[in-house]
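Each chain gets a letter, A, B and so on, in the order the sequences are listed, and its residues count up from 1. Excluded from the calculations below are hydrogen atoms, water molecules and symmetry mates; all remaining heavy atoms, backbone and side chain alike, are included. Remember, predicted model here, so these are calculated numbers, not experimental data.
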Number of protein chains: 2
Amino acid sequence: MSTTDLDPEDAITKEEISGTAPAPSENAGVGNSKPQRNAFTELMAPKPKAAAPPKQDSSKPRSFRDRDGLGAYTANPTNYPSNRVIYHNDDFVAINDLYPKSTVHTLLLPRSDRSRLHPVEALEDPQFLASVQAETLKLKKLVAKELQRRYGKFSEADKQREAVLNGEAEWDSPELPNGRDWEAEVLVGIHAHPSMNDLHVHVLSRDMISECMRHRKHFNSFNSPFLVDVADFPLAKHDPRRHPGREGYLDRDLLCWRCGENFGNRFKRLKEHLDIEFEAWKKQ
Amino acid sequence: MSTTDLDPEDAITKEEISGTAPAPSENAGVGNSKPQRNAFTELMAPKPKAAAPPKQDSSKPRSFRDRDGLGAYTANPTNYPSNRVIYHNDDFVAINDLYPKSTVHTLLLPRSDRSRLHPVEALEDPQFLASVQAETLKLKKLVAKELQRRYGKFSEADKQREAVLNGEAEWDSPELPNGRDWEAEVLVGIHAHPSMNDLHVHVLSRDMISECMRHRKHFNSFNSPFLVDVADFPLAKHDPRRHPGREGYLDRDLLCWRCGENFGNRFKRLKEHLDIEFEAWKKQ
DNA sequence: TATTCCGATAGTGAC
DNA sequence: GTCACTATCGGAATGAG
């Protein structure tokens, strides 16, 4: 499976079965291999792991259960198949969310002692913040690429690009036509009050199409100020997002992310509506 | 089936299967036959049925659906089997509640034009009130008798009486021993805000054991001032029970009718507790 | 508070 | 706001030619 095969469980969806999608190269063992080194990974200079003592008593290994489940990925990224761990390096592990709330939903997990802090505190460190921001951008581009791979064939804006890709149109330049700005369709951020104890940056498509999208709070956690962009850190002293409960972000009326229609608390009707918006969105 | 077989659907409960219960005489066709005549039924002198004309325009028979469902019983009591209509006369129909909230749960339905009024207004007529009170007492005694029939064999207070009944003890008097005061175990009243439009007096055992007892409001409607005894009518001008919603009777914490334990809103736990209380109650 | 169906809401427990 | 399970709470329909 290729590095961009972010959600292989979707590999046999209708689109891919139809054969019009470019088949991802079978890249065996990518889950256990080191990621390619590039300008981005080079930025993050590897540091000695032992230099950072775990806050926890090392005689009692962490349990990685329930709210600590994400710790297992940063502790042992090679334990996971490539459809779970997208890539990892000394400082980060990128995974596909086990309970995706959109068709593409990844998490960036910093491998840092600061990951056990609340995100607001963790990202007060300028150097750490910069590294997280940079790696997040990298993952964001990867997710955008995956969106193009999955949905480009439906996209009006990608029409010319797709035609060139499929050898159905002439194109003189060595670069493909730019096509749709898929990065604009990617949400990036950290939950104002995470339920999982290890720092994780959500990087996901904005469609909100998933069987795991089940409650109002799921939806509002990605479609309200509850999702704090990494670019917004460090958070100002009196930023209201420091008190997400007080602000009631998660209990707000359900508003379609695309057309703004208000569904009140009728989650199921929102879901039905999102299915329709999804089809239109792909065709943009 | 006998006249006191108020709930034949219970005919094959554990107790009766065990054979310790006096088997009700197999009275074929009782559903369409008149009940046995006894001192009680004799009290209610039969009057010409035509004397009680249906209030409604007979050209448009009313729906008898939903909130008007009880009207069918007073309009045509003979249309029902004897396990539904317990007895009827010109002025009243007594039925087994279709959705009993206790092991014995009957309704007294006055066959009067006033039955379409709100109970508070309907029972402002002294003569009508007196007749309802008298007939209610009659039904209450019938229900008490049924309780004795069903549960006397478990009752400590009924022990001597049961022994005589079963020929297991000597008893010189022609009258049986009095035994337990089963009338004290019977609730009688009218809901402060009925959902069914036809006047109906609830006459039921206090056990609250029934699969139809399904939520807090069911329970509180029989275990709070929401149940207004017919003896309390006519209601004083400022009686708080004229405004049951304002008083919040139905939304109160769940309190066991027998021991007073507070179950808050935990209805299921109350139900489990009531099962235990039921066993102890029978043995009193 | 008639029932019934569906769905939204709330608390818990997770080793 | 992790999930999954259970239970509680809440609104709307309820028929028929």
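Taking atom CG of A:Asp68 as the reference point, atom C1' of C:dA14 lies 12 Å away to the nearest angstrom. In this structure, A:Met213 atom CE and D:dT2 atom P are separated by 11 Å, rounded to whole Å. Rounded to an integer number of Å, the gap from CG of A:Asn197 to C1' of D:dC3 is 14 Å. Separating the CG atom of B:Leu98 from the C1' atom of C:dT3 is a distance of 10 Å, rounded to the nearest angstrom. Atom pair A:Phe263:CZ and D:dG11:P shows a separation of 20 Å (rounding to whole Å applied). The distance between atom CG of B:Asp251 and atom P of D:dC9, rounded to the nearest whole Å, is 9 Å. Protein atom CD of A:Glu211 is 15 Å distant from nucleotide atom C1' of D:dC3, rounded to whole Å. As rounded to whole Å, 14 Å separates atom P of C:dA8 from atom CZ of A:Phe219.
A salt bridge links A:Glu146 to A:Arg150: one of the charged nitrogens lies within less than 4.0 Å of a carboxylate oxygen. Between A:Asp68 and A:Arg116 there is a salt bridge, since at least one side-chain N of the basic residue sits less than 4.0 Å from a carboxylate O of the acidic one.
Below 30°, between 30° and 60°, or above 60°: for A:His200 and A:His191 the angle between ring planes is above 60°, a perpendicular geometry.
OP1 or OP2 of D:dG10 has not a single side-chain nitrogen or oxygen of B:His215 nearer than 4.0 Å. Using a 4.0 Å cut-off, some side-chain N or O of B:Asn265 falls inside it from OP1 or OP2 of D:dC9. Contact annotation: B:Arg266 does not reach the phosphate of D:dT8 (side-chain N/O to OP1 or OP2, under 4.0 Å).
Among C:dA14, D:dT8, D:dT14, the nucleotide with an atom closest to any side-chain atom of A:Asp66 is C:dA14. Side-chain proximity of B:Arg67 to the nucleotides C:dA8, D:dT14, D:dT2 is greatest for D:dT14. In this structure, the nucleotide among D:dT2, C:dG7, D:dT8 sitting nearest to the side chain of B:Lys268 is D:dT8. Of the candidate nucleotides D:dA7, D:dT2, C:dT9, D:dT2 has the atom nearest to the side chain of A:Lys101. Taking every side-chain heavy atom of A:Arg65 into account, C:dC15 is the closest of C:dA8, C:dC15, D:dT6.
Looking at heavy-atom distances under 4.0 Å, A:His193 makes contact with a base. Using a 4.0 Å heavy-atom criterion, one finds that B:Lys271 contacts no nucleic acid atom at all. At a threshold of 4.0 angstrom between heavy atoms, the contacts of A:Tyr99 are confined to the sugar-phosphate backbone, with no base atom among them.
Taking the centre of each ring, A:Tyr80 and A:Tyr73 come in below the 6.0 Å mark. Aromatic pair B:Phe267/B:His215: centroids not less than 6.0 angstrom apart.
C:dC15 is unpaired under the criterion used here, namely a Watson-Crick or G-U wobble arrangement in which both key atom distances are under 3.5 Å.
Between the side chains of A:Asp198 and A:Ser115, no donor N or O sits under 3.5 Å from an acceptor N or O.
Where A:Leu250 and A:Arg214 each meet DNA chain D at their nearest nucleotide, the meeting point lying more 5' is that of A:Leu250.
Remark: the separation of the C1' atoms in C:dT3 and D:dG17 is 25 Å, to the nearest Å.
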